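Below you'll find the structure, written out as structure tokens, and then a few comments.
Since we're looking at a predicted model, the values are computed, not measured. This chain uses plain numbering: 1 for the first residue, then up along the sequence.
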Amino acid sequence: MKARLRLAAFGALLVAAGVPAKAADRIVQVQPAQAGPNIDAFPQIIDPVDDAERRINAAVKRLDAQVRKAAKSCKAEGGAQSSWERSVRAAMRGPRFLSFEIHDSTFCGGAHPNTGTTAIVYDLTTGTPVDWTTLLPPALTGKVALATQAEETKMVTLSSKRLHALYLQAYRPKTGKPKADADDKACREAVTETYSGEPPAMTVWPDAEAGGLAVQFDLAHVVQACADTVVIPTATLRREGAQAVLTDAIDAAHAKRP
């Protein structure tokens with residue numbers, strides 16, 4: 001009897017241990033919402049099934065509170081002409097990773113509005129932001145840092161010569177049409193130039209629809225229109241040494257997209 005009880009208890013432990021992994025294997029459903037006028041909130045996971053998912057919902061609620069506070073300060077600083085607009089897209093909703101792509105456009109006084117794109121990626125097995133050094137090889141992570149955003153949150157950036165080179169390879173490919181290629185020449189120069197000789201601080205996130213790792217970095221305001229997002233395919237990521245847990249998850253998400 002005792003042996004059977006011990007076996008039953010052990011089986012229960014195995015089931016409990018397997019819940020987070022099974023939950024992380026699914027495509028989560030999210031609920032869009034608003035944090036304020038023209039300000040998207042982070043979509044919440046609908047009916048979270050484990051602590052990891054509940055942890056993510058709590059975390060993004062805090063991020064929403066921060067942007068509301070920042071928008072209020074912006075209005076106080078810039079007056080009636082001030083504005084804060086934000087769009088948030090769930091670029092991947094599992095398996096394993098939940099990524100949010102965030103676009104901000106703000107005007108809090110001054111010569112011109114500011115725009116920027118960033119992202120945050122959560123591990124659905126832990127409910128915490130991913131550690132890119134465990135998913136990408138050192139050549140692609142380069143120098144890992146935290147960049148302070150307009151609403152004072154800190155987002156991860158990667159400064160890697162190899163990652164920048166892959167970005168440039170896919171950036172606005174030449175079409176063979178003289179006028180179109182001439183129009184893009186200035187932008188190609190803008191994203192190639194790094195000023196300090198070091199690679200730019202890049203934001204990355206898995207994108208299920210595009211089927212790869214999205215890469216983006218901000219530019220000076222005069223060439224801000226050149227700041228395209230480029231997606232590195234999973235086949236390239238594999239050749240570069242990315243972990244299978246990342247590339248396989250992106251491929252699975254891409255296959256399951258609506």
Interatomic distance, OG1@Thr234 vs CG@Asp251, rounded to 0.5 Å, equals 3.5 Å
Name all residues meeting the side-chain contact (heavy atoms from CB on, under 4.5 Å) criterion together with Thr192; count only those two or more places apart in sequence or in a different chain, and write none if there are none. Leu168
Taking only distance into account, with no hydrogens and no angle test, what donor-acceptor pairs under 3.5 Å do side-chain atoms of residues 75-84 form with protein atoms, sequence neighbours excluded?
unit_1: Ser82; atom_1: OG; unit_2: Gly79; atom_2: O; d: 2.7
unit_1: Trp84; atom_1: NE1; unit_2: Asp104; atom_2: OD1; d: 3.2

According to a 4.5 Å side-chain heavy-atom criterion applied to Ile, Leu, Val, Met, Phe, Trp and Tyr, with indirect links allowed, do Leu98 and Trp132 form part of one hydrophobic cluster? no
Let me see the working for Asp123 and Arg96 under salt bridge (Lys or Arg N to Asp or Glu O under 4.0 Å), right down to the final yes or no. CA-CA 6 Å; Asp123 187 328; Arg96 184 61 188 262; 3.0 Å; yes
Shortest non-hydrogen separation from Lys256 to Ile27 and the atoms involved: CD-CG1, 3.9 Å
Return the OG1 to CE distance between Thr118 and Met202, rounded to the nearest 0.5 Å. 13.5 Å
With rounding to the nearest 0.5 angstrom, report the CD1 to CG distance, Ile45 to Asn57. 5.0 Å
Is there a side-chain contact (heavy atoms from CB on, under 4.5 Å) between Val28 and Val30 once you walk through the steps? CA-CA 6 Å; Val28 299; Val30 296; 4.2 Å; yes
Summary of side chain to side chain donor-acceptor pair (under 3.5 Å) pairs that have at least one residue in residues 143-156, sequence neighbours excluded: Arg86-Glu151, Thr148-Lys154, Glu151-Thr153
Using the test side-chain contact (heavy atoms from CB on, under 4.5 Å), find all partners of Lys161 that sit at least two apart in sequence or belong to another chain. Pro199
Can you list everything that forms a side-chain contact (heavy atoms from CB on, under 4.5 Å) with Glu240? Sequence neighbours excluded, please. Leu140, Arg162, Leu166, Thr236
Is there a donor-acceptor contact under 3.5 Å from the side chain of Asp181 to the main chain of Thr175? yes
Is there a path of hydrophobic side-chain contacts, each under 4.5 Å between heavy atoms of I/L/V/M/F/W/Y residues, joining Val231 to Val130? no
With a 4.5 Å cut-off on side-chain heavy-atom distances among I, L, V, M, F, W and Y, is there a chain of contacts connecting Ile46 to Met92? no
Where Asp131 and Thr133 come nearest, the two heavy atoms and their spacing: OD1-OG1, 2.6 Å
Do Asp248 and Arg238 meet the salt-bridge criterion of a basic N to acidic O distance under 4.0 Å? yes
Shortest non-hydrogen contact from Ile120 to Met155? CB-SD, 4.0 Å
Give the intermediate values and the outcome of side-chain contact (heavy atoms from CB on, under 4.5 Å) for residues Leu124 and Phe97. CA-CA 5 Å; Leu124 286 165; Phe97 303 106; 5.8 Å; no
Tell me, which pairs form a ring pair (Phe, Tyr, Trp, His ring centres under 6.0 Å) where one or both residues lie in residues 35-83, sequence neighbours left out? Phe42-Phe100
To the closest 0.5 Å, what do you measure between CD (Glu85) and CD1 (Ile39)? 8.5 Å
OG/Ser159 to NE2/His164 distance, rounded to the nearest 0.5 angstrom? 10.0 Å
Distance check, rounded to the nearest 0.5 Å: Ile102 atom CD1 versus Asp40 atom CG? 10.5 Å
Pairing residues for Lys179 by the salt bridge (charged side-chain N to carboxylate O under 4.0 Å, His left out) criterion, not counting sequence neighbours: Asp183
Between Gln44 (side chain) and Gln31 (backbone), is there a donor-acceptor pair under 3.5 Å? no
Please output the side-chain donor-acceptor pairs of residues 204-224 that fall under 3.5 Å, not counting sequence neighbours, one pair per line with the distance.
unit_1: Asp207; atom_1: OD1; unit_2: Glu209; atom_2: N; d: 3.1
unit_1: Asp207; atom_1: OD1; unit_2: Ala210; atom_2: N; d: 2.9
unit_1: Asp207; atom_1: OD2; unit_2: Arg89; atom_2: NH2; d: 2.4
unit_1: Gln216; atom_1: NE2; unit_2: Ala227; atom_2: O; d: 3.3
unit_1: His221; atom_1: NE2; unit_2: Pro113; atom_2: O; d: 3.4

Excluding sequence neighbours, so at least two apart, what forms salt bridge (charged side-chain N to carboxylate O under 4.0 Å, His left out) with Arg172? Asp184, Asp228
If every non-hydrogen atom of Ala170 is compared with every non-hydrogen atom of Pro173, which pair is closest and at what distance? O-CD, 3.7 Å
Heavy-atom nearest pair, Ala41 first then Val88, reads O-CB, 3.9 Å
I'd like to check the side chain to side chain donor-acceptor pair (under 3.5 Å) partners of Asp64; sequence neighbours left out, ordered by chain and number. none
Stepwise side-chain contact (heavy atoms from CB on, under 4.5 Å) check, Thr157 with Leu146: CA-CA 6 Å; Thr157 62; Leu146 291 175; over 6 Å; no
Take Leu163 and Thr141, measure what side-chain contact (heavy atoms from CB on, under 4.5 Å) needs, and give me the verdict at the end. CA-CA 8 Å; Leu163 186 63; Thr141 56; over 6 Å; no
Ignoring hydrogens and geometry beyond distance, is a side-chain donor-acceptor pair present between His103 and Thr117 at under 3.5 Å? yes
Mind listing the closest non-hydrogen atom pair of Ala139 and Ser160 along with its distance? O-OG, 2.5 Å
Restricting to side-chain contact (heavy atoms from CB on, under 4.5 Å), what partner residues turn up for Ala59, sequence neighbours left out? Arg62, Tyr122
For Tyr171, enumerate each residue passing the ring pair (Phe, Tyr, Trp, His ring centres under 6.0 Å) test, keeping only those at least two apart in sequence or located in another chain. Tyr167
Do Val60 and Val67 land in one hydrophobic cluster if side-chain heavy atoms of ILVMFWY residues count as linked below 4.5 Å? no
Arg188/Glu193 salt bridge by N-O under 4.0 Å criterion: no
